[in-house]
Amino acid sequence: MTGKTQYHIFETASGPCGIAWTAAGVVRFQLPGEDAARTQRLLLRRLENAEAAEPAEPPPAIARAIEAAQRYFAGEEADFTDVPLDLAGQSEFFRAIYDAARRVHWGETTTYGTIARDLGAGPEGAREVGQAMAKNPVALIIPCHRVLAAGNKVGGFSAPGGASSKVKMLALEGISFAPPEPAQQSFGF
């Protein structure tokens, strides 16, 4: 992280979210929680030097990110590609993974393996892509919910609510997953 950290808790149609930033950009984004106090606790718990973080009114670039998040959770298309990020402390490979994920737009998905291959890491790199997604400090802004497991299966999601939250976020974008097929019936012999 670069410089003093500030944060803001704000309302969306899905519940309160939190965002933290430095002069360089967003360092943390907290997906909707049950209430503002819990959202703030979750945001600060995952924030380096949380004891020094201060609540603040967002500057213009952060205010635009908040407005985009509010549109997103209202089910409206939102684009976060211009939101400045402060990913200091992340490895070069994780930053490359995050850049690749940011190119997956509203209503689109990709897989861990596809990102790994695109970055020249090959299929074995899919595990590292999954690790980067699990450690994503700015979920939604880096749309890890759009990155699926092999076979376009939902896979995991480290945010509160787990995979069901991922499915709900994708549903906001018009992407749905059919319920699993029932087991094949026995022929009776």
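Both backbone and side-chain heavy atoms feed into the values below; hydrogens, waters and symmetry mates do not.
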Side chains of [X] and [Y], heavy atoms from C-beta outward: is any pair under 4.5 Å?
X: Thr111; Y: Thr114; value: yes
X: Pro137; Y: Phe29; value: no
X: Met169; Y: Leu140; value: yes
X: Cys17; Y: Gln30; value: no
X: Arg28; Y: Thr5; value: no
X: Thr110; Y: Ile115; value: yes

Hey, could you give me the [atom1]/[atom2] distance between [X] and [Y], rounded to the nearest 0.5 Å?
X: Asn49; Y: Leu44; atom1: CG; atom2: CG; value: 11.5 Å
X: Lys168; Y: Leu172; atom1: NZ; atom2: CG; value: 10.0 Å
X: Gln131; Y: Asn136; atom1: CD; atom2: CG; value: 14.0 Å
X: Leu148; Y: Thr109; atom1: CG; atom2: OG1; value: 4.5 Å
X: Arg71; Y: Asp79; atom1: CZ; atom2: CG; value: 9.0 Å
X: Ile142; Y: Thr81; atom1: CD1; atom2: OG1; value: 12.0 Å

Say whether [X] and [Y] are linked into one hydrophobic cluster, either directly or through other cluster members, by side-chain heavy-atom distances under 4.5 angstrom.
X: Phe10; Y: Leu31; value: yes
X: Ile9; Y: Leu47; value: yes
X: Val104; Y: Phe93; value: no
X: Leu119; Y: Phe94; value: yes

Which heavy atom of [X] sits nearest a heavy atom of [Y], and at what distance?
X: Ile19; Y: Ala65; value: CD1-CB, 4.1 Å
X: Pro58; Y: Ile66; value: CG-CD1, 3.7 Å
X: Ile97; Y: Met133; value: CG2-CE, 3.3 Å
X: Ala78; Y: Ala68; value: CB-O, 3.3 Å
X: Ser14; Y: Phe73; value: OG-CD2, 3.5 Å
X: Cys144; Y: Ala139; value: SG-CB, 4.2 Å

Which pairs, with at least one residue in residues 58-67 and sequence neighbours excluded, count as a side chain to side chain donor-acceptor pair (under 3.5 Å)?
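Those involving residues 58-67 do not exist here.
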I need the full list of salt bridge (Lys or Arg N to Asp or Glu O under 4.0 Å) pairs touching residues 92-112, with sequence neighbours left out, sorted by first then second residue.
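Sorted pair list comes back empty.
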Ring pair (Phe, Tyr, Trp, His ring centres under 6.0 Å) involving Tyr72 - partner list, sequence neighbours excluded:
Trp106, His145
Any donor and acceptor pair, going by atom type alone, linking the side chain of Lys166 with main-chain N or O of Val147 inside 3.5 Å?
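Checking the backbone N and O of Val147 against the side chain of Lys166, a donor-acceptor pair under 3.5 Å is found.
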Backbone N/O of Ala132 and side chain of Tyr98: donor-acceptor pair under 3.5 Å:
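The answer is yes, because a donor-acceptor pair under 3.5 Å joins these two groups.
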Under the side chain to side chain donor-acceptor pair (under 3.5 Å) test, residues paired with Gln6 that sit two or more places apart:
Trp21
Given Gln40 and Tyr7, is the side chain to side chain donor-acceptor pair (under 3.5 Å) satisfied, shown in steps?
CA-CA 9 Å; Gln40 180 175 328; Tyr7 70 92; 3.0 Å; yes
Residues in salt bridge (charged side-chain N to carboxylate O under 4.0 Å, His left out) with Glu54, at least two apart?
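Only Lys4 meet the salt bridge (charged side-chain N to carboxylate O under 4.0 Å, His left out) criterion with Glu54.
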Taking only residues two or more places apart in sequence or in another chain, which ones pass salt bridge (charged side-chain N to carboxylate O under 4.0 Å, His left out) with Glu173?
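Applying salt bridge (charged side-chain N to carboxylate O under 4.0 Å, His left out) to Glu173 gives Arg146.
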